[in-house]
Amino acid sequence: MDHECYMRQALELARQAMAEGEVPVGCVIVRDGVVVGQGRNRRETGYTALGHAEIEAIHQACQTLGGWRLAGCSLYVTLEPCPMCAGAIINARIPALYYGAKDDKAGCCGSVLNLFEERFNHHPRIYSGILGQECAQLLQNFFLNLR
């Protein structure tokens, strides 16, 4: 499988989130070609500020792999991670991050700031714009329909 294929899986999770009235963000975590964690936004349905797609996917990947270090994993998410999710990526030691759309209001891969350039002990490689137009369009459609 290639990067676009994994991002398409994340987009499908984002569509599921949107169908539940959530901001459409989806995430998959892959190791050795196998999806080991997946998540979608569930802040509204779960009544929690922690209900971000990345947090859910990281939790599931840790359970699947039996540890908190996600070495050898790649994370694919439809929207640039926020500060909380960027911190979780650092703490989980995820070596590669692929995201679709930029987040000019909360993005921590360079849009607002780049948390991964700070003096933390872990610095994942960041790849942006994977199916970026499709990811951005899904979010734009969601917010247009809210108004």
Side-chain angles (χ1 to χ4, degrees), residues 1-18 20 22-46 48-143:
M1 287 187 144
D2 63 8
H3 302 301
E4 288 188 4
C5 184
Y6 295 123
M7 189 62 77
R8 288 195 192 290
Q9 290 180 40
L11 274 163
E12 179 53 36
L13 291 163
R15 287 185 191 94
Q16 291 173 22
M18 186 167 69
E20 295 174 353
E22 299 280 357
V23 174
V25 179
C27 179
V28 297
I29 298 176
V30 178
R31 187 165 94 179
D32 298 327
V34 176
V35 174
V36 295
Q38 61 183 13
R40 63 182 187 265
N41 270 5
R42 295 181 201 254
R43 289 193 306 179
E44 303 298 330
T45 56
T48 177
L50 303 177
H52 287 210
E54 299 96 322
I55 301 299
E56 188 172 278
I58 289 169
H59 178 76
Q60 189 177 91
C62 290
Q63 297 299 305
T64 299
L65 298 173
W68 62 268
R69 289 182 186 92
L70 299 180
C73 291
S74 296
L75 185 145
Y76 295 82
V77 64
T78 57
L79 181 64
E80 181 180 1
C82 72
M84 175 179 69
C85 295
I89 291 165
I90 291 168
N91 282 305
R93 310 296 197 272
I94 297 172
L97 161 65
Y98 299 83
Y99 72 89
K102 288 196 155 295
D103 184 349
D104 292 329
K105 294 182 179 176
C108 284
C109 297
S111 289
V112 174
L113 64 91
N114 190 337
L115 199 62
F116 302 114
E117 289 181 347
E118 299 301 322
R119 295 180 335 163
F120 294 106
N121 62 334
H122 178 71
H123 302 275
R125 293 179 313 279
I126 303 169
Y127 305 92
S128 64
I130 311 298
L131 299 180
Q133 189 68 11
E134 192 172 341
C135 294
Q137 190 64 55
L138 187 64
L139 286 157
Q140 288 169 359
N141 291 345
F142 174 79
F143 288 112

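Residue numbers start at 1 and run along the sequence shown. Any value given below was found using the heavy atoms of this structure, including those in side chains, with hydrogens, waters and symmetry copies removed.
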Using side-chain heavy atoms (C-beta onward) and a distance below 4.5 Å, is Pro81 in contact with Cys108?
no

Do Pro124 and Ile94 come within less than 4.5 Å of each other through their side chains, counting heavy atoms only?
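Sidechains of Ile94 and Pro124: no contact.
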
Would you confirm whether [X], through its side chain, and [Y], through its main-chain N or O, come within 3.5 Å as a donor-acceptor pair?
| X | Y | value |
| --- | --- | --- |
| Thr78 | Ala10 | no |
| Asn41 | Pro24 | no |
| Glu80 | Gly110 | yes |
| Glu22 | Glu44 | yes |

Does Ile89 form a side chain to side chain contact (heavy atoms under 4.5 Å, CB included) with Leu75? I'd like the steps, not just the answer.
CA-CA 9 Å; Ile89 291 165; Leu75 185 145; 4.1 Å; yes

Nearest heavy atoms of [X] and [Y], plus distance in Å:
| X | Y | result |
| --- | --- | --- |
| Gly39 | Leu13 | O-CD1, 3.7 Å |
| Leu50 | Met84 | CD2-SD, 3.4 Å |
| Pro95 | Cys73 | CD-O, 3.1 Å |

To the nearest 0.5 angstrom, please state how far the [atom1] atom of [X] sits from the [atom2] atom of [Y].
| X | Y | atom1 | atom2 | answer |
| --- | --- | --- | --- | --- |
| Leu138 | Glu134 | CG | CD | 8.0 Å |
| Phe116 | His122 | CZ | NE2 | 8.0 Å |
| Ile130 | Cys5 | CD1 | SG | 12.5 Å |
| Leu11 | Met18 | CG | CE | 10.0 Å |
| Ile126 | Glu117 | CD1 | CD | 7.0 Å |
| Gln9 | Cys27 | CD | SG | 11.5 Å |

Identify every side-chain donor-acceptor pair in residues 57-67 under 3.5 Å, counting partners at least two apart or on other chains, and give the distances.
residue	atom	partner	partner atom	Å
Gln60	OE1	Gln38	N	2.9
Thr64	OG1	Val36	O	2.9
Thr64	OG1	Gln60	O	2.9

Begin from the C-alpha positions of Cys135 and Leu79 and carry the test side chain to side chain contact (heavy atoms under 4.5 Å, CB included) through to its verdict.
CA-CA 7 Å; Cys135 294; Leu79 181 64; over 6 Å; no

Is there a side chain to side chain contact (heavy atoms under 4.5 Å, CB included) between Val112 and Lys105? Walk through the geometry before answering.
CA-CA 7 Å; Val112 174; Lys105 294 182 179 176; 5.8 Å; no

Should the ring pair Tyr6 and Tyr76 be called parallel, tilted or perpendicular, given that the plane angle runs from 0 to 90° and is split at 30 and 60?
tilted

Let me see the working for Arg42 and Glu56 under salt bridge (Lys or Arg N to Asp or Glu O under 4.0 Å), right down to the final yes or no.
CA-CA 9 Å; Arg42 295 181 201 254; Glu56 188 172 278; 2.6 Å; yes

Scan residues 85-103 for pairs that pass side chain to side chain donor-acceptor pair (under 3.5 Å), counting only residues two or more places apart or in two chains.
Tyr99-Lys102

